[in-house]
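Notes follow once the structure below has been shown.
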Amino acid sequence: VTGQGLQHLSTPVLLLDRDALEANIEAMAKSLEGTGVALRPHFKTHRCPAIARLQIARGAVGVCCQTVGEAEVAVREGITSVTLTNQIVDSGKLGRLARLAKEADVRLCVDHMLQIERASREATREGVEIGILVEVDVGGRRCGVPLGRDVPRLAGLAVGSEGLRFLGIQAYNGKAQGIIGTRGRTSAAAATAVRAAVARGLLQRAGIPCSMVTGGGTGTVHADTDSGVFTEVQPGSYAVMDATYAAQESETGYLGDQYHQAIFVLATVISTPMKDRIVVDVGLKSVAVDQGLPTVAHRPDWRFVSMSDEHGVIELPPGKTSSLGERLLVIPGHCDPTANLHDEFALVRHGRAEGMWPIAARGKSA
Ligand SMILES: Cc1ncc(COP(=O)(O)O)c(C=O)c1O
């Protein structure tokens, strides 16, 4: 994609390169073929039902969601299997989730008795069944019970609770995804798989069948798949990518060689105050900077140096110039929170705009 042919779009606008998106969906689907490991991509990355439908059409078994609001949008848009990869303690939200289970296969992660008791109450009230995954802390140090007797204790409670169906283990290690360097990331993934296998063993010893071990993200998905422990993986970012993931080393070079950049924020140069400094109309309200300032596509030596609400300041290397009105493609450092800043994707195919897709679950964080 280049900024040419997109002059009529009002900026800042979030672009989605369809060829790159489809190539990424295809690459992930292909890499899992014949492995026996199911793909359940994360909806939180793009919050866009049209992308989720493409992923499902290419073999994904459903989606993961992080919030009940995302799950409601996914089910309303026709997705029939949703795993909430998060803990929910609020009865009101659990009630909403139980109502979704009337229309879709719904699963939920738990790491405390109270979540199980409340989920059981709401599921029973609605006359539905919710699938339960006990989340185990496999190194991410976020949610999840530590490896030990709480794993079979919570699983046993779920097995005996009305309205719930115990499925297995959520074993997501977010910390492993961002480790720089293939060796470190692969060994973190191996340690994750060992912990997940130990958790499964604890269930087996307690006589509790465990049919599912799910986890993994874009950074570790291939190691997770090869581990022989995971029955399902849940990568998200691979579909659209971002500057942080693209720069990560992979088994074959860089992750950016395996998965292509598909989302960009199209920017306009609105001010050229100095020879070596330009200002674009992309700021904090149109690109997320939690993983660093964005980069500029096709201009590896142009550097964002600061950003405010509606402005991004770029320093140009010696000898390089820009002009007022020039269009630039900004690559976000982090795709998920960037997508959440926009109402829709402007679709681009072969450099030309070809319609819009709503980011229908944008803002649905509750
Ligand atoms: C539980 C869970 N699963 C999967 C993912 C997907 O990770 P990624 O976008 O790195 O592929 C995330 C991302 O934060 C997550 O929190």
Side-chain angles (χ1 to χ4, degrees), residues 1-6 9-28 41-55 58 63 66 70 177-178 217-219 235-248 254-268 280-300 304 307 312 327-363:
V1 189
T2 68
Q4 318 286 306
L6 302 173
L9 292 177
S10 190
T11 63
V13 59
L14 191 64
L15 304 180
L16 182 64
D17 179 334
R18 288 211 49 184
D19 289 325
L21 170 77
E22 286 166 20
N24 293 343
I25 291 174
E26 180 61 26
M28 184 60 78
H42 220 301
F43 185 62
K44 80 191 195 70
T45 304
H46 45 70
R47 291 186 158 184
C48 173
I51 298 180
R53 281 195 284 270
L54 282 184
Q55 291 172 307
R58 191 56 189 88
V63 297
Q66 207 81 299
E70 285 177 355
Q177 307 308 315
T218 301
S237 302
Y238 78 95
V240 294
M241 290 296 279
D242 54 35
T244 308
Y245 259 135
Q248 261 197 23
Y254 287 90
L255 263 186
D257 307 327
Q258 258 168 294
Y259 299 104
H260 309 293
Q261 191 57 43
I263 65 166
F264 303 88
V265 185
L266 184 66
T268 301
V280 292
D281 56 358
V282 166
L284 301 173
K285 289 179 183 166
S286 49
V287 70
V289 299
D290 59 299
Q291 291 185 356
L293 292 172
T295 60
V296 185
H298 314 300
R299 309 269 197 287
F304 272 94
M307 200 162 256
R327 293 294 175 97
L328 296 175
L329 292 169
V330 172
I331 302 180
H334 193 184
C335 50
D336 313 44
T338 298
N340 189 52
L341 293 170
H342 297 262
D343 290 327
E344 49 200 0
F345 284 111
L347 306 177
V348 179
R349 176 93 79 180
H350 308 312
R352 303 258 154 224
E354 60 161 39
M356 311 294 277
W357 276 349
I359 302 175
R362 175 270 152 109

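Please read these numbers as outputs of a predicted model, since none were measured by experiment.
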Can you list everything that forms a ring pair (Phe, Tyr, Trp, His ring centres under 6.0 Å) with Phe264? Sequence neighbours excluded, please.
none
For Tyr238 and Gln55, does a side-chain donor sit closer than 3.5 Å to a side-chain acceptor?
yes
Heavy-atom check, side chain of Leu16 versus side chain of Val240, under 4.5 Å:
yes
Do you know the tightest heavy-atom contact between Ile263 and Phe345?
CG2-CE2, 3.5 Å
Quick one: do the Ser237 and Thr45 side chains pair a donor with an acceptor below 3.5 Å?
no
When rounded to the nearest 0.5 Å, the distance separating CE of Met241 from CG of Leu21 is 12.5 Å
Scan side-chain atoms only and decide if Thr268 and Arg327 contain a donor-acceptor pair under the 3.5 Å cut-off.
yes
Salt bridge (Lys or Arg N to Asp or Glu O under 4.0 Å) filter on Arg18, not counting sequence neighbours, yields Glu22, Glu354
Go through the steps to decide whether Val348 and Leu6 satisfy the test side-chain contact (heavy atoms from CB on, under 4.5 Å), and finish with yes or no.
CA-CA 9 Å; Val348 179; Leu6 302 173; 4.1 Å; yes
Within the distance-only criterion (no hydrogens, no angle test), does the side chain of Gln291 pair as donor or acceptor with the backbone N or O of Thr244 below 3.5 angstrom?
no
In terms of heavy-atom contacts, Gly283 and Met307 come closest through CA-CG, 3.6 Å
Heavy atoms, side chains only, cut-off 4.5 Å: are Cys335 and His46 in contact?
no
Quick one: list whatever passes salt bridge (Lys or Arg N to Asp or Glu O under 4.0 Å) with Glu344, sequence neighbours left out.
none
May I ask you to decide if Pro332's main-chain N or O and Asp242's side chain share a donor-acceptor pair within less than 3.5 Å?
no
Working to the nearest 0.5 angstrom, can you tell me the gap between Ile25 CD1 and Ile51 CD1?
7.0 Å
Test Asp336 against Thr338 for side-chain contact (heavy atoms from CB on, under 4.5 Å), laying out the working first.
CA-CA 5 Å; Asp336 313 44; Thr338 298; over 6 Å; no
Please round to the nearest 0.5 Å and tell me the distance separating atom CZ of Arg47 and atom NZ of Lys44.
9.0 Å
Do Val282 and Thr11 come within less than 4.5 Å of each other through their side chains, counting heavy atoms only?
no
Kindly give the heavy-atom pair with the smallest separation between Asp281 and Pro12, and that separation in Å.
O-CG, 3.6 Å
Does the side chain of Val296 come within less than 4.5 Å of Leu329's, by heavy atoms?
no
So His334 and Tyr245, side-chain contact (heavy atoms from CB on, under 4.5 Å) or not? Walk me through it.
CA-CA 8 Å; His334 193 184; Tyr245 259 135; over 6 Å; no
Taking His342 for the side chain and Ser286 for the main chain, is one N or O donor matched with an acceptor at less than 3.5 Å?
yes
Thinking salt bridges, do Arg58 and Glu26 make one under a 4.0 Å N-O criterion?
yes
CG of Asn340 to CD1 of Ile359: how many Å apart, nearest 0.5 Å?
8.5 Å
Atom of Cys48, atom of Pro358 and distance for their closest heavy-atom approach:
SG-O, 3.5 Å
Cut-off 3.5 Å, side chains only: do His260 and Asn24 have a donor facing an acceptor?
no
Looking at Phe43 and Glu70, what are the two nearest heavy atoms and their distance?
CE2-O, 3.6 Å
Residue pair Arg362 / Leu341: nearest heavy atoms and the distance that separates them
NH2-O, 3.3 Å
With side-chain contact (heavy atoms from CB on, under 4.5 Å) as the test, would you mind laying out the steps for Met356 and Asp343 before giving the verdict?
CA-CA 10 Å; Met356 311 294 277; Asp343 290 327; over 6 Å; no
